[in-house]
Novice: 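Before I ask anything, here is the structure I am working with.
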2 protein chains.
Amino acid sequence: MKRVTSIDVARLAGVSQSTVSRAFTPGASISETARRKVLQAAAQLGYKPSAIARSLSTQHTNIIGIVMGRITSPFHPYVLEKFIQALQAAGRQSLLFSTPPDQEVDDLLELVLQYRVDGLVITSATISSEMADECIRHGAPVVLFNRYVLGSSVNAVCTDNVEAGRLVANLLLDAGHKRIAFIEGKANASTNLDRRKGFLDRLRERGHLSCIIEPGDYTYEAGFEAARRLLERKDRPDAIFCASDIEAFGAMDAARYACGLSVPEDVSIIGFDDLPAAAWPSYNLTTIRTPVNRMIRATLDLLFRRLEEPDAPPEMILIPGALIKRESARLPDEYVSPPADEPMAAGVEVW
Amino acid sequence: MKRVTSIDVARLAGVSQSTVSRAFTPGASISETARRKVLQAAAQLGYKPSAIARSLSTQHTNIIGIVMGRITSPFHPYVLEKFIQALQAAGRQSLLFSTPPDQEVDDLLELVLQYRVDGLVITSATISSEMADECIRHGAPVVLFNRYVLGSSVNAVCTDNVEAGRLVANLLLDAGHKRIAFIEGKANASTNLDRRKGFLDRLRERGHLSCIIEPGDYTYEAGFEAARRLLERKDRPDAIFCASDIEAFGAMDAARYACGLSVPEDVSIIGFDDLPAAAWPSYNLTTIRTPVNRMIRATLDLLFRRLEEPDAPPEMILIPGALIKRESARLPDEYVSPPADEPMAAGVEVW
DNA sequence: AAAATGGTTGCATACGTATGCAACCGTGAT
DNA sequence: ATCACGGTTGCATACGTATGCAACCATTTT
């Protein structure tokens with residue numbers, strides 16, 4: 001099973017290897033007749049140029065590395081699909097990595113860099129500024145998606161989680177809720193931390209000092225159990241802000257099926273993300289929509305700009321979320337949300 | 001920004017380039033002292049071996065191509081995550097492609113092969129035997145996941161959709177349902193076709209000739225609308241088999257919130273897949289569990305065997321699904337399902 | 001002491017493509 | 001007819017690593 005190379009094609013077409021190469025290089029200096037001869041010979045032999053050899057020669061691979069924490073987390077598949085298809089459309093390939101529970105991102109980076117990726121998108125995982133610099137030094141600019149590094153030494157695109165947390169605090173207080181609780185996401189995820197911080201800060205600023213905090217981990221089960229614990233207390237909360245929709249679903253099911261309560265009559269529940277299921281009548285969840293599409297666009301835009309100019313100073317782009325008002329929470333009527341991003345949907349054009 | 005190569009390291013360490021190469025090749029013939037010298041020099045220079053150059057030299061890339069129809073389809077993210085992590089653990093990388101709505105798999109294959117992948121997993125998309133042979137000829141064995149090619153000329157791992165369809169037919173008839181309907185998945189997906197075929201064939205074999213078929217496309221919205229149409233008929237069905245869980249969720253919501261019916265008192269609903277949400281109390285869906293974990297294991301196993309022996313005759317592996325009995329359907333008590341695969345969960349070890 | 005053995009090392013080359021450079025060709029201008 | 005010029009082509013080399021082969025060394029065997 002001998003591999004067919006450009007030399008074989010050249011021989012058959014009666015030209016030099018250079019000419020074969022040029023026939024496959026758009027914009028190269030080659031006559032139409034030569035190109036036709038070459039392409040015909042190539043087809044006859046079943047020749048496909050080797051991207052590996054080309055990469056070695058040109059010093060770039062056209063490969064973008066994507067490092068994703070957990071692919072199964074809500075809306076990550078959506079992000080991944082949009083990324084991949086946009087990159088494909090831009091003539092680039094995606095080398096995908098997922099950090100297993102026990103592994104650090106830094107170990108993976110070693111591998112990623114060995115494959116000489118042209119650039120790198122890291123989703124829902126952080127890297128140190130030093131590692132980012134190391135990537136730059138190896139010629140691969142990095143953009144963080146949904147994470148950022150304080151001091152802004154790394155390119156990053158992120159939801160404004162703090163501001164969104166503050167918004168929810170305002171809304172719940174404005175609607176007259178008295179006993180307010182928060183169900184956390186994964187303990188030290190920056191998204192969770194920021195949402196909590198904005199929420200608690202704003203509550204405190206408005207003189208509401210007691211907020212019960214239940215631990216969670218961005219799963220349905222955690223939301224269910226946390227809500228059950230909350231709703232079985234004697235000082236049962238009348239409003240629960242969940243750090244994610246998926247936990248909010250668990251919380252609603254706990255309220256209804258484990259505690260026999262009504263939502264929002266007995267307790268208001270607010271989520272975060274606006275997953276497609278949030279619109280299903282079973283939940284009809286009031287939630288903060290993460291501006292995924294805008295984030296994806298911003299990330300690709302930033303990445304492509306950095307591919308051109310790797311040494312430009314890092315940018316950090318913060319995009320606001322927006323409230324999507326449905327039926328799971330009592331909220332003031334007068335509030336109107338600023339225009340939200342499009343919802344997650346197959347047809348959305350990101351690039 | 002000069003790239004640091006093995007030659008630079010060799011110079012600093014006072015050895016030959018070959019020795020540097022060997023220091024990074026497990027099992028190569030090199031003394032402990034030399035290896036240490038090299039590794040130290042490499043660390044000092046920030047050297048990382050180039051996987052590209054290595055690939056060119058060794059004639060294999062350690063890259064597996066993964067072609068996935070829609071990443072956002074139910075349980076695909078799960079499959080992808082398991083694949084990626086298992087491949088990573090086996091020291092291989094994943095080049096991921098997703099077929100956009102308008103593109104054919106065959107065009108993508110061209111690209112995939114240019115990157116000289118060592119092997120190829122294709123999920124929820126089919127390729128012709130000719131293309132599979134072409135891949136083999138280029139040194140990349142192919143395994144289809146969740147699809148197969150008739151005539152069994154391509155390696156494939158698949159749920160036994162026909163048999164599962166027959167099972168559901170039996171169960172619904174045994175429970176005494178009279179007006180039975182089927183909500184389809186994506187029109188010409190083989191999974192949809194096979195489920196329908198098994199279901200209808202078995203109904204017919206048992207003398208039940210009338211089954212209303214509503215079109216669908218594997219989405220919540222389609223399930224919702226299809227069920228609404230069904231349930232507004234004067235000869236309202238008393239049982240609906242949905243080609244997927246996600247459609248079943250839509251169907252249940254339509255029954256409850258659009259038609260004011262009770263499930264399963266007024267209508268039995270059965271799904272397919274056993275998504276995590278099927279176990280949530282809001283749905284509590286009776287469904288056929290797709291044996292994803294077994295399928296993933298079988299696929300990886302088959303792939304790894306073919307990487308060793310690319311020319312072995314193709315295998316087609318069919319894995320049975322199992323009924324997961326919950327509360328959305330009236331079914332005979334006596335039926336006990338054979339042992340099911342583990343449910344989809346983060347902790348499941350696939351490799 | 002000589003020879004055989006096994007472990008290390010370096011040399012030279014292969015892997016497949018891209019591209020700078022010089023050579024070449026034909027065309028139109030002078 | 002000569003020259004300049006732009007478009008094509010081939011030659012030669014670079015890209016960074018792996019590896020067969022021969023040379024080398026230290027150790028053990030005879």
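The chains referred to below are lettered A, B, ... by the order of the sequence lines, with proteins before strands, and numbering in each begins at 1. Side chains are part of it too, since the values below use all heavy atoms of this structure and drop only hydrogens, waters and symmetry mates.
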Novice: How do Ser21(B) and Ser16(A) order along DNA chain D: which one's closest nucleotide is nearer the 5' end?
Specialist: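 Result: Ser16(A).
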
Novice: Could you check whether Ala34(A) gets within reach of a base, just the sugar-phosphate, or nothing at all, counting any heavy atom under 4.0 Å?
Specialist: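 Sugar-phosphate only.
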
Novice: Please list every donor-acceptor pair under 3.5 Å in which a side-chain atom of residues 80-90 of chain B meets a protein atom from a residue at least two apart or in another chain.
Specialist:
{"unit_1": "Glu81(B)", "atom_1": "OE1", "unit_2": "Ile71(A)", "atom_2": "N", "d": "2.7"}
{"unit_1": "Glu81(B)", "atom_1": "OE1", "unit_2": "Thr72(A)", "atom_2": "N", "d": "3.0"}
{"unit_1": "Glu81(B)", "atom_1": "OE1", "unit_2": "Thr72(A)", "atom_2": "OG1", "d": "3.0"}
{"unit_1": "Glu81(B)", "atom_1": "OE2", "unit_2": "Arg70(A)", "atom_2": "NE", "d": "3.3"}
{"unit_1": "Glu81(B)", "atom_1": "OE2", "unit_2": "Arg70(A)", "atom_2": "NH2", "d": "2.6"}
{"unit_1": "Lys82(B)", "atom_1": "NZ", "unit_2": "Ala345(B)", "atom_2": "O", "d": "3.3"}
{"unit_1": "Lys82(B)", "atom_1": "NZ", "unit_2": "Ala346(B)", "atom_2": "O", "d": "3.0"}
{"unit_1": "Lys82(B)", "atom_1": "NZ", "unit_2": "Val348(B)", "atom_2": "O", "d": "2.9"}
{"unit_1": "Gln85(B)", "atom_1": "NE2", "unit_2": "Ser98(A)", "atom_2": "OG", "d": "2.9"}
{"unit_1": "Gln88(B)", "atom_1": "OE1", "unit_2": "Ser98(A)", "atom_2": "N", "d": "2.9"}
{"unit_1": "Gln88(B)", "atom_1": "NE2", "unit_2": "Ser98(A)", "atom_2": "O", "d": "3.1"}

Novice: What nucleic acid atoms does Val15(B) come within less than 4.0 Å of, heavy atoms only: base, sugar-phosphate, or nothing?
Specialist: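 Sugar-phosphate, backbone atoms only, no base.
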
Novice: Under 4.0 angstrom, heavy atoms only, what part of the nucleic acid is Thr5(B) near: base, sugar-phosphate, or nothing?
Specialist: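 Sugar-phosphate only.
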
Novice: Checking all strands, does Gln59(B) fall into the base, sugar-phosphate, or nothing category for heavy-atom contacts under 4.0 angstrom?
Specialist: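 Result for Gln59(B) = sugar-phosphate.
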
Novice: Within the 4.0 Å heavy-atom criterion, would you say Thr19(A) contacts the bases, only the backbone, or no part of the nucleic acid?
Specialist: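 Since only primed, P, OP1 and OP2 atoms lie under 4.0 Å of Thr19(A), the category is sugar-phosphate.
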
Novice: How would you give the extent of chain A contacts on DNA chain D, as first and last nucleotide 5' to 3' within a 4.0 Å heavy-atom cut-off?
Specialist: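 Result: dT8(D) to dG16(D).
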
Novice: Checking the side chain of Ser55(A) only, and the main-chain atoms of Ala51(A) only, is there a donor and an acceptor separated by less than 3.5 Å?
Specialist: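 Flag set: sc Ser55(A) to bb Ala51(A) pair under 3.5 Å.
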
Novice: Using a heavy-atom cut-off of under 4.0 Å over every strand shown, decide if Thr58(A) touches base, sugar-phosphate, or nothing.
Specialist: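 Sugar-phosphate: the residue Thr58(A), judged by heavy atoms under 4.0 Å, touches backbone atoms but no base.
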
Novice: Looking at Glu134(B) and Arg137(B), is there a salt bridge between them, counting it only when a charged N and a carboxylate O are closer than 4.0 Å?
Specialist: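 Glu134(B) and Arg137(B): salt-bridged.
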
Novice: Just call it for Ser31(A): base, sugar-phosphate, or nothing, with non-hydrogen atoms closer than 4.0 Å on any strand.
Specialist: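 Sugar-phosphate, no base atom in range.
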
